[in-house]
Protein chains: 2
Amino acid sequence: MRHATFRQLEIFEAIARHLSFTRAAETLHLTQPTVSMQMKKLADSVGEPLVHQTGKRIELTETGQALAVAARDIFTVLERFEDDMAARRGLRRGRLRLAAVTTASYFAPRLLGEFARRHPGIEVSLRVCNREQLIASLNEHLDELYILGTPPEDAALVARPFMENPLVAIAAPDHPLAGRHRIGLAELAEQPWLLRESGSGTRKAVEKLFAQRGITIHPRLELGSNEAIKQAVLAGLGISALSKQALDLHPTGQFAILDAEDCPVRRHWFIARPAGAPHSAAASAFERFLLDSRPTAGTTL
Amino acid sequence: MRHATFRQLEIFEAIARHLSFTRAAETLHLTQPTVSMQMKKLADSVGEPLVHQTGKRIELTETGQALAVAARDIFTVLERFEDDMAARRGLRRGRLRLAAVTTASYFAPRLLGEFARRHPGIEVSLRVCNREQLIASLNEHLDELYILGTPPEDAALVARPFMENPLVAIAAPDHPLAGRHRIGLAELAEQPWLLRESGSGTRKAVEKLFAQRGITIHPRLELGSNEAIKQAVLAGLGISALSKQALDLHPTGQFAILDAEDCPVRRHWFIARPAGAPHSAAASAFERFLLDSRPTAGTTL
DNA sequence: CCATTTCATAGAGAAAAGTCTATGCACTAT
DNA sequence: ATAGTGCATAGACTTTTCTCTATGAAATGG
């Protein structure tokens with residue numbers, strides 16, 4: 001391991017991202033054989049194979065996965081050092097790689113905007129994906145900070161709640177349930193439901209709501225985005241439940257918020273980072289920003 | 001920075017530890033000119049000088065300090081990766097570098113023993129120094145975890161309390177104050193005090209106790225260890241205050257515990273790590289061990 | 001089953017990394 | 001002031017890194 005070079009880690013990280021030697025070579029402006037050669041050397045100094053070729057496809061071995069994590073951590077450390085140096089020269093700068101689940105994109109930009117205003121030198125990037133992908137990214141240390149609903153129990157992460165995230169049941173305004181009071185969960189479950197894809201946090205929350213009563217709901221339609229769900233609800237295709245934030249930009253009355261049992265469901269948004277991973281000053285600043293500027297509800301994980 | 005090598009960082013880290021090129025060369029089995037040469041290259045790729053020679057002495061520039069931190073972080077990441085690989089091969093192993101303030105050495109070994117028993121593969125090392133040195137180490141990322149009394153406000157660290165740490169005032173059993181009830185702080189302050197060196201956490205705690213009442217105490221003797229203080233107290237040279245744990249191994253009655261105002265002072269032991277630094281699985285395990293196995297009192301920082 | 005895609009191997013050359021010995025220079029301590 | 005300590009510089013050598021072009025081999029997908 002002592003004979004590995006930064007360059008090799010850089011190349012390997014590109015491979016891990018693209019899962020392709022050729023693609024990695026392109027992005028780094030190298031030829032493919034160069035990449036192959038370097039990876040051979042890297043695997044030699046690690047002492048174990050890093051990738052596993054099955055036909056055309058390439059996949060990382062477990063060791064490869066771990067090495068990709070280490071490589072990203074090392075680059076985070078180096079970036080932190082360089083930010084530090086820049087700060088000493090008076091240039092306040094930094095980069096913050098952030099990932100958020102789809103639904104968070106309804107409020108995250110406003111937060112980012114305010115943060116960017118207060119920290120002009122910091123360059124913020126936001127990647128949006130669904131909960132499942134986000135947790136995979138987190139385990140791979142792809143980004144520094146992650147915004148998500150309830151964090152998973154099993155993952156190695158540090159998560160803190162920073163904002164309310166109520167889940168509300170909605171229907172079209174002319175739906176028979178609209179205006180009804182204290183709708184029972186059993187009755188609600190009989191409705192045709194419109195749900196996000198599995199892997200979505202919102203879907204998990206809906207399923208959990210009913211699972212507490214031993215009810216399993218069967219979606220009538222499975223839709224890949226909150227916007228698609230809203231369209232379908234307005235088209236009278238069924239009812240659904242969404243994070244309240246997803247409705248913020250709509251005039252009251254456009255959707256009927258159902259007064260059902262246990263609704264709205266009380267949840268929170270969490271800011272998380274992988275346990276044990278290094279993080280930049282910019283990341284610390286953003287965490288502090290979230291936890292200070294918003295009234296936090298609930299306690300630390 | 002892309003042209004730096006791991007080797008160069010390794011050499012630089014040795015220099016940062018020894019503050020000497022020659023000494024670094026010796027520990028790495030290199031000649032001194034080799035070290036000089038490598039450092040020149042490293043400084044070139046960083047773009048700024050890393051050390052500053054004033055006569056015989058050498059000191060790190062600010063950039064050098066930051067680079068030493070980065071280098072240690074990188075080695076922590078690599079070690080973590082190697083532990084990970086070993087774990088996958090069935091060898092559960094790992095290293096945990098721990099630092100603790102002097103007074104913690106009265107109970108830390110027992111904790112470490114229990115931890116080592118539960119995690120046989122993990123190699124634990126404990127460095128002992130006073131509070132001031134410990135905080136310096138923490139800022140330099142010299143170790144992964146730190147056990148100390150009340151953590152400083154200004155340092156970039158994550159600290160959590162895991163154990164009570166009462167401060168008790170003591171005197172020789174035949175001291176006039178022994179057996180007296182509710183001794184006033186003013187009267188206590190008039191006694192000849194035996195204090196630890198400045199830079200000690202225990203000393204700071206004593207000073208703070210009196211400072212709350214606007215009293216400044218002047219030590220009659222300044223002693224470099226808790227053991228020396230105990231000896232002096234028994235010799236009738238004065239009174240002092242120590243962490244209760246420092247008295248654990250002594251039979252009751254050997255020292256008189258004074259029933260003074262605000263005593264015992266309620267404090268806690270904290271487990272801390274530098275913010276933003278990577279840490280190994282072993283370190284996470286130790287943190288969890290401390291926080292789970294002991295009844296924690298108080299809340300997160 | 002053939003064209004295409006993808007990674008591996010071979011051979012080769014320039015650059016750099018990494019180390020040494022020998023020596024010079026600057027400051028310190030006695 | 002003189003010896004000693006500690007880093008810098010010069011010159012030289014070997015090894016490794018890093019990259020290329022050209023070509024081979026394996027698997028896939030229409």
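Values below: all heavy atoms of this structure, side chains included; hydrogens, waters and symmetry mates excluded. Each chain gets a letter, A, B and so on, in the order the sequences are listed, and its residues count up from 1.
Under the 4.0 Å criterion applied to side-chain N and carboxylate O atoms, A/E48 and B/R89 are assigned as salt-bridge partners. The pair A/R80-A/D84 does not meet the salt-bridge criterion, since no charged nitrogen lies less than 4.0 angstrom from a carboxylate oxygen. Between B/D143 and B/R127, at least one side-chain nitrogen of the basic residue sits less than 4.0 Å from a carboxylate oxygen of the acidic one, meeting the salt-bridge criterion. Remark: B/E13 engages B/R72 in a salt bridge, criterion side-chain N to carboxylate O under 4.0 Å. Residues A/E227 and A/K230 are paired through a salt bridge, judged by an N-O separation under 4.0 Å between the basic side chain and the carboxylate. Under the 4.0 Å criterion applied to side-chain N and carboxylate O atoms, A/E287 and A/R273 are assigned as salt-bridge partners.
Within residues 19-31 of chain B, the residues approaching DNA chain D are B/S20, B/F21, B/T22, B/R23, by heavy-atom distance under 4.0 Å.
Axis orientation changes by 40° from one end of the helix from C/dC1-D/dG30 to C/dT30-D/dA1 to the other, with each end axis drawn from 5 pairs and the value rounded to 10°.
The interatomic distance linking B/M39 (CE) with C/dA17 (P) rounds to 12 Å, in whole Å. Atom-to-atom, CZ of B/R7 to C1' of C/dA16 comes out at 16 Å; the value is rounded to the nearest Å. Distance, B/F6 CZ to C/dG18 P: 11 Å, rounded to whole Å.
Of all non-hydrogen atoms in A/A272 and A/L138, the two that sit nearest each other are CB-CD1, 4.3 Å.
Of the two residues near DNA chain C, A/I58 and A/M37, the one whose nearest nucleotide lies more 5' is A/I58. With the nearest nucleotide of DNA chain D identified for both B/K40 and A/Q8, B/K40 has the one nearer the 5' end.
The nucleotide range of DNA chain D contacted by chain A, defined by atoms under 4.0 angstrom from heavy atoms of the protein and reported 5' to 3', is D/dT17 to D/dT28.
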Problem - side chain to side chain contact (heavy atoms under 4.5 Å, CB included) between A/H119 and A/F286, worked out - result: CA-CA 10 Å; A/H119 302 265; A/F286 189 70; over 6 Å; no
Practice task
Let me see the working for B/N226 and B/T103 under side chain to side chain donor-acceptor pair (under 3.5 Å), right down to the final yes or no.
Solution key: CA-CA 7 Å; B/N226 293 330; B/T103 309; 3.1 Å; yes
Practice task
Determine, stepwise, if the pair B/R196 / B/I229 fulfils side chain to side chain contact (heavy atoms under 4.5 Å, CB included).
Solution key: CA-CA 8 Å; B/R196 287 276 305 276; B/I229 290 198; 3.7 Å; yes
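Between A/F6 and B/F6, the distance from one ring center to the other falls under 6.0 angstrom.
Proximity of B/Q38 to the phosphate of C/dG18: a side-chain N or O atom is located under 4.0 Å from OP1 or OP2.
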